[in-house]
K.L.:
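Attaching a single structure in structure tokens format; questions to follow.
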Amino acid sequence: MTAVLTQPRPIRLKGRSYLALTLTPELPFEDWLVRLDDLASRSAGFFLRRPVVLDVEGLEIDRTQLRDLVGKLGARNVRIMGIEGARPSLLGADLPPAMSGGKATGDIEEPAAAPVREAPAAESVAAQPTAPPPAKAAPASLVITQPVRSGQSFFAEGDVTIIGSVASGAEVIAGGSIHIYGTLRGRAMAGTLGNGAARIFCRKLEAELVAIDGFYRTAEDLEPGLRGKPAQFWLEGETFAAGSLG
Amino acid sequence: MGKVIVVTSGKGGVGKTTSSAALGAALAQNGDKVVVVDFDVGLRNLDLVMGAERRVVYDLVNVIQGEAKLTQALIRDKRLESLYLLPASQTRDKDNLTAEGVEKVIGALKTHFDWVICDSPAGIERGATLAMRHADVAIVVTNPEVSSVRDSDRIIGLLDSKTLKAENGERIEKHLLLTRYDPARAERGDMLKVDDVLEILSIPLLGIIPESMDVLRASNIGSPVTLADERSAPALAYFDAVRRLRGENLPVTIPGEKRGFFGKIFGRKAA
Amino acid sequence: MNLRRFFFRSQSAPAARERLQVLLAHERLSANGSDLVTKLRDEILRVIANHVQLDSEKVNVRMERGAQVSTLAVDIEIPLDAGKKAA
């Protein structure tokens, strides 16, 4: 503990979410692998360099079968970065880690049925069956109309707006910015999904901790002049900036 | 159908049991039928504060386990005949409190009494969550002191999520009862101010009970302060709280302050 | 006003001490399962139940634990035809 505290630059621990391709194998695996091979043959390298998660929810398999499947996928250049929906007993140190809390996004399109050919350069621009970039839906934001009580924790991928106060011992975590129309006495963490442009606003500052994109300030590091006043926080490059509001 | 009140706080030693007994006796003095239920299984104290400790035959756990009928376990107060006590078990483990058992007991008490006051144990564990589960109204007992205020805030959060009312999407009525308020320390500025506590917790104020020797004396002799010394400052504050609980719009006075000034500020907030 | 109340009242601490002594004496006994009053209560009810079918709604048990003397009052309503059933 003391060693950490005396380090001038703490390690930044951040959460970040990524788009991964999810494969849901079906039993018997042999047949499923045949279909997968068929898909792969239509688009060489479709799985190459893509993060792939294996969803085994509801499959009646044992660890040997799972390890075997992961091995066979590996032989096809499909590297599994994580396994979802598996009983803890199925997993081990030799298998990819368990993943949970995934959210469905727009389906990743299958490669076009026609095999990709060497096409004339002019044509290829339009016809290239590149996987479309994931549709960027606006991340869900959250409006909380009640005070956030000690011990409570709220999270939204987008902005979080709180009409009341955030109590000491409560925390609000947002992928975007945090707006608090009451007093901030607890913790507010904005831009946690890697958004350095996120800001924190509050009507009255009594915070225990504020953080943006992994950079944080505790109550002791906050400018004393801002205490009890309307305040905002943002990042200037890698430095934490604070200022009064209004 | 009676009203179920939970007296809760999160933190221990802030005055839940004293307040349960005092409010119960004050409500019963108007002739309402009142039962005060001790949920602190293993560490019962309500019987002592109400002066019934020598007369406990059966307890809440006996009733839940089917070893005694509810009517057998209820102890009638010697001074007020419409005031009853349902003691907690001192010897049993609190795992004996089951959700179904508590539901049955509270359901039965509601049909017989006008007010069912549940004296919650400290903490946020089983005993405390079961005590608040069936409440229509919550009285959050808080001392003007940082750790008590934070624990109260935590409890308010639980009231808004773990009670039946909350689960059914209704709002549970919550009131703040500020206890052990010391006017001398407030004068010196060594105590959290009433409006600070109100601002932080943002629930309506039911009353302010001054720190007083009368409370200690009352528990020494085993009598709710509203019975032991009806003219004492804490008793008067509890009587006022009861009037607000019944829906009267009575301005709250801060002990040691002139009546009226703060009444104007808090009068609106008082429930 | 407080002074007058202060002088005209008896001290409450002795009352507290006496109440606690009686209570703790009984609680220590019942923790060993050897509290006489509780034992009597359970045994009396058991014996009566051997002879009469008890309606538990009609049984009223009262206890008063004192320093020197404890009292136990068991009030049982016995219906007229109860004896027949038991016989």
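Chain naming here is simple, since letters A, B, ... match the order of the sequence lines and numbering starts at 1 in each. Computed from a prediction, not measured in an experiment: that's the story for all the values here.
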K.L.:
Are there residues of residues 120-155 of chain B whose heavy atoms fall under 4.5 Å of chain A's heavy atoms? If so, which?
P.N.:
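So far as heavy atoms go, Arg150(B), Asp153(B), Arg154(B) are the residues that approach chain A to under 4.5 Å.
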
K.L.:
Could you pull out all residues at least two apart from Arg63(A) that satisfy side-chain hydrogen bond (donor to acceptor under 3.5 Å, both in side chains)?
P.N.:
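Arg63(A): no side-chain hydrogen bond (donor to acceptor under 3.5 Å, both in side chains) contacts found.
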
K.L.:
Which atom pair, heavy atoms only, marks the closest approach of Arg149(A) to Ile203(B)?
P.N.:
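Minimum heavy-atom contact is NH2-CG2, 3.8 Å.
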
K.L.:
Let me know if Gln146(A) has heavy atoms under 4.5 Å from chain B in its side chain, its backbone, both or neither.
P.N.:
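Just the side chain, heavy atoms under 4.5 Å.
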
K.L.:
Under 6.0 Å from the CZ atom of Arg171(B), do we count more than 12 heavy atoms belonging to anything else shown?
P.N.:
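Counting other residues, nucleotides and ligands, CZ of Arg171(B) stays at 12 neighbours or fewer.
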
K.L.:
So which part of Ser168(A) gets closer than 4.5 Å to some heavy atom of chain B, the side chain, the backbone, both or neither?
P.N.:
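For Ser168(A), heavy atoms of backbone and side chain both lie under 4.5 Å from chain B.
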
K.L.:
If you draw a 6.0 Å radius around CZ in Arg217(A), do more than 12 non-hydrogen atoms from other residues or ligands fall strictly inside?
P.N.:
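More than 12 heavy atoms, drawn from other residues, nucleotides or ligands, come within 6.0 Å of this atom.
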
K.L.:
Going from CD1 on Ile200(B) to CD on Glu206(A), what distance comes out if it is rounded to the nearest 0.5 angstrom?
P.N.:
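Here the interatomic distance stands at 8.0 Å.
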
